[in-house]
Structures are given as C-alpha cells and as structure tokens.
Amino acid sequence: MGIAMTQDEESDRRDLEDFRKTLVALAAMENSKENDDFKGLMSPDIANVDHRDKLVCVTSGVSFLGLALVNRLLLHGYSVRILVDNQEDVEKLREMQVSGEMMVACNNKISVVMAKPTEIQGLMEAFDGCRGVFHTSAFADPAGISGYSKSMAEIEVKASENVMKACARTASVKNCVLTSSLLACIWRDSYQPEVPTLVNHDCWSSESLCIDKKLWLALGKLRAEKVAWKIAEEMNLKLTTICPGLITGPEFSHRNPTATIAYLKGAQEMYGNGLLASVDVIRLAEAHVSVYEAMNKTACGRYICFDRIIERDEEAEKLATEIGMPAHRICGNPLGFIPTRFQLSNKKLHNLMSTTLRNCYAQS
C-alpha cells in the first residue's frame, strides 16, 4: 500500500526535482566541450569578472521565487550562497544535493548558510564575501491557511530593516536587490481627483488605505520597501527594488500559496481598475539578474515587473480556476465600487532588459 503525500510534501518534491534538473543541466554544461555556446547566455558584464565578484547571496532561497532566482544566477555564471532561516530548509537543500560528484561538476557554485532575519550579526556573517544580496523576502504563514496576517507584515518590515543594515555593514557587499510588490504601488485613493491614471515606478500605495482595507501583504511590502530605502540612503547602500505583479508559473498556487492568496485580496477592485497583473516566475528571476548586472551602470530606483494584465472576464476566470477560487472573487463587482481605469507601465524595466539582451547578442 502506498504512502499518501500531503499537498505541501508534493509541492516540496516538485521543487526539489526542478532544482535537481537545473543542477544536472549546469553540470553537463560545465563539462561540455561546447561551453562557448553557453557563454552567449552570460552578460558581458559578468563573463570576465573575478570569481569573488560572482558570489551573491539569495535570501529565502528555497521559496518559489528564490529557487527560480538561484537557477537563473547559476545559468548566468554566478556562485550562489542560499540563505535560509531554519533547519528544515537546510535539510531540503541537502536532499537536493543528489551526489557529491554533481556538486563538484558544478564547481561548488552552491553553498547554504542559516541565519535568522532577527539577528543582524548572523546576517552579516552570512553575507560576508558576497558582492551582492538578493532579498526575496518570502515569508510563510505559520498557520498555513490564513494567507498573510498583519503580524506577518510586521515581520517582513523588521526583516527588511535588518537585511539592509547587515548589507550596509558588510564590507564585501556592494549592491542589493529587494523584491517588493506591485501592491506597494497601486493601492491609492482613486476617488481623489489628483491621482494620476498612469501607474509606474514613481507611484506608492497609501498606508492608511491598506490598513482600512486590511490589505496586509500590500502594507507589509510597502513598509518593508520604504524602510529599505530609508536605510540605504542613511547608510550609503546601493539598492534597487523590483515590484512584481502576482507571481505565476507551473502550479504556482500550490507552490506559493501564502503570497498568492494574500495578493488576490482586493482582486475585484484591481481587476475593475485594470491593475490586476501577473508575471511568470522565470521572467521575474531574469529581471532580478538584469537589474543587478546593470546597477554599476544605469540601474537605480524601483522597477515594476509584469508580463500580463488580466483585463477580460475569461482571463480572470482562467486565473480563478488555476487557483481554485470562485471566479466572482476576481471579476465580480463589489457593492458600491465604481471602477476607475488606470494604465500600468513597466517601461523602465522593459527598456533595461531590452538593452541587456542587445548587449548579450552583440557579444555572442
């Protein structure tokens, strides 16, 4: 008789298998005599730099986004230090190391450290030797079912504060990329006549509106990003932030349930206002790498990231089916709500990534 797997165990198994496949592919590339073809994938900014400059750290490295980002960084030639905050995640990563031979084939490009986001000294030790830090700020709901609570928003803000301080105090760290959210940009009082209809990287959500509507993920991301910028300015840390829409990808609602459920609180208003956008996790990971590699040149400030705006009922219904929620929770019209159509813009990120691709092709 077989042993039934819980949904969480099945999700973990899929994550482990995806990561194993990446490591195997990377090992094959490292050993291939045709590595020159692979080098075309690398940015010219990274292909010829010192090995020490290729070491970066990814926080929440076993999260849905974290694993995708680690994969993209490896493919771009980086060595990655994965930061986790509990022993369970350490064990997950140990399972991923299928064999010592595979890690040798990958030139030992992956390492794992454990540090608590509440302890700045531990974070500094974890970051030591890394040239860059990607703070993906992924937090799981301890209760497992309630989405993202107000207390989790407070944890997110404190973690962001500590990570930024640790980055600024670690001599080797030159750049930091923080994953925020599109939610930190779009929740404004649309009934105010002066609110512009264009929503871009210059827009910030209203804290009071987020509190009134109990939009805790939006509030957490908003405050976490604001404190990050405050510390970066005070401590002279080079920072960029990426504000993604709903993160999607293979079985995203099962592999990233907390953030998915929390993001869609207020979905009816977002949909009605033309602000319900999503981004594939691989594209988002690639955006992180592109922004990071451009930080010593032109990249600065905030970047909105999405690849799809959900504007039609059939698109909303498909999303609802993928998540397993009633369609009216997304495309229904809440009582008393009068839609105001806004225009989302990711032009800043689009221009940066287009330039990066042109440079890669020119060098290949």
With sequence neighbours left out, what residues match E233 under salt bridge (Lys or Arg N to Asp or Glu O under 4.0 Å)?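 Salt bridge (Lys or Arg N to Asp or Glu O under 4.0 Å) check on E233 returns nothing, list empty.
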
According to a 4.5 Å side-chain heavy-atom criterion applied to Ile, Leu, Val, Met, Phe, Trp and Tyr, with indirect links allowed, do [X] and [Y] form part of one hydrophobic cluster?
X    : Y    : result
I304 : V177 : yes
V173 : I242 : no
M325 : L183 : yes
L123 : V58  : no
L222 : L246 : no

Check [Y] with [X], please: is the shortest side-chain N to carboxylate O separation under 4.0 Å?
X    : Y    : value
E119 : K116 : no
E286 : R283 : no
R223 : E154 : no

Between [X] and [Y], what is the shortest heavy-atom contact and its length?
X    : Y    : answer
G220 : V157 : O-CG2, 3.9 Å
N273 : T340 : OD1-N, 2.7 Å
K174 : K238 : O-CB, 3.4 Å
L239 : W229 : O-CH2, 3.2 Å
S205 : W187 : OG-N, 2.9 Å
G129 : S172 : N-OG, 2.9 Å

Using the benzene-type ring in the case of Trp, are the ring centres of F252 and F64 under 6.0 Å apart? no

Does K348 qualify as a cation-pi partner of Y303, given the criterion of NZ or CZ under 6.0 Å from the six-membered ring centre and within 45 degrees of its axis?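 So K348 does make the cation-pi contact.
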
Is the NZ or CZ atom of R302 both under 6.0 Å from the centre of the six-membered ring of W204 and within 45° of that ring's axis? yes

To the nearest 0.5 angstrom, please state how far the [atom1] atom of [X] sits from the [atom2] atom of [Y].
X    : Y    : atom1 : atom2 : result
I282 : N71  : CD1   : CG    : 6.5 Å
K265 : L215 : NZ    : CG    : 6.5 Å
Y78  : K54  : OH    : NZ    : 9.0 Å
L55  : S111 : CG    : OG    : 6.5 Å
H288 : H135 : NE2   : NE2   : 10.5 Å
C210 : R188 : SG    : CZ    : 12.0 Å

Pair [X]-[Y], side-chain donor/acceptor within less than 3.5 Å:
X    : Y    : value
K221 : T179 : no
Q268 : H328 : no
S149 : S151 : yes

In the structure I gave you, are the side-chain heavy atoms of [X] and [Y] within less than 4.5 Å of one another anywhere?
X    : Y    : result
I120 : K165 : yes
L352 : S290 : yes
L217 : Y263 : yes
V62  : V84  : yes
I110 : L74  : yes
L178 : T240 : no
E225 : S181 : no
C57  : F134 : no

Main chain of [Y], side chain of [X]: is a donor-acceptor contact present, judged purely on distance under 3.5 Å?
X    : Y    : value
R255 : G249 : no
S60  : G66  : no
D85  : P117 : no
N200 : D202 : yes
S160 : E156 : no
T136 : T59  : yes
N346 : L349 : no

Using the rule given for side-chain contact (heavy atoms from CB on, under 4.5 Å), can you reason through L344 versus L275, listing the C-alpha separation, both sets of side-chain angles and the distance that settles it, and then say yes or no? CA-CA 7 Å; L344 274 176; L275 297 174; 3.7 Å; yes

Apply side-chain contact (heavy atoms from CB on, under 4.5 Å) to the pair E207 and L219, showing each step before the final yes or no. CA-CA 6 Å; E207 286 195 29; L219 182 68; 4.3 Å; yes

Please determine whether side-chain contact (heavy atoms from CB on, under 4.5 Å) holds for the pair L198 and S345, giving the CA-CA distance in whole Å, both sets of side-chain angles, and the decisive distance to 0.1 Å. CA-CA 7 Å; L198 178 67; S345 173; 3.8 Å; yes

Using the rule given for side-chain hydrogen bond (donor to acceptor under 3.5 Å, both in side chains), can you reason through E311 versus Y271, listing the C-alpha separation, both sets of side-chain angles and the distance that settles it, and then say yes or no? CA-CA 7 Å; E311 299 181 286; Y271 176 73; over 6 Å; no

Using the side chain to side chain contact (heavy atoms under 4.5 Å, CB included) definition, which of the options M270, E315, R308 pairs with L276?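 Only one of M270, E315, R308 forms a side chain to side chain contact (heavy atoms under 4.5 Å, CB included) with L276, namely M270.
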
Criterion side-chain hydrogen bond (donor to acceptor under 3.5 Å, both in side chains) on S208 and S206, from CA distance to verdict: CA-CA 5 Å; S208 59; S206 162; 3.0 Å; yes

Kindly indicate, with the supporting measurements, whether the criterion side-chain contact (heavy atoms from CB on, under 4.5 Å) is fulfilled by N175 and Y292. CA-CA 8 Å; N175 298 322; Y292 175 77; 3.9 Å; yes

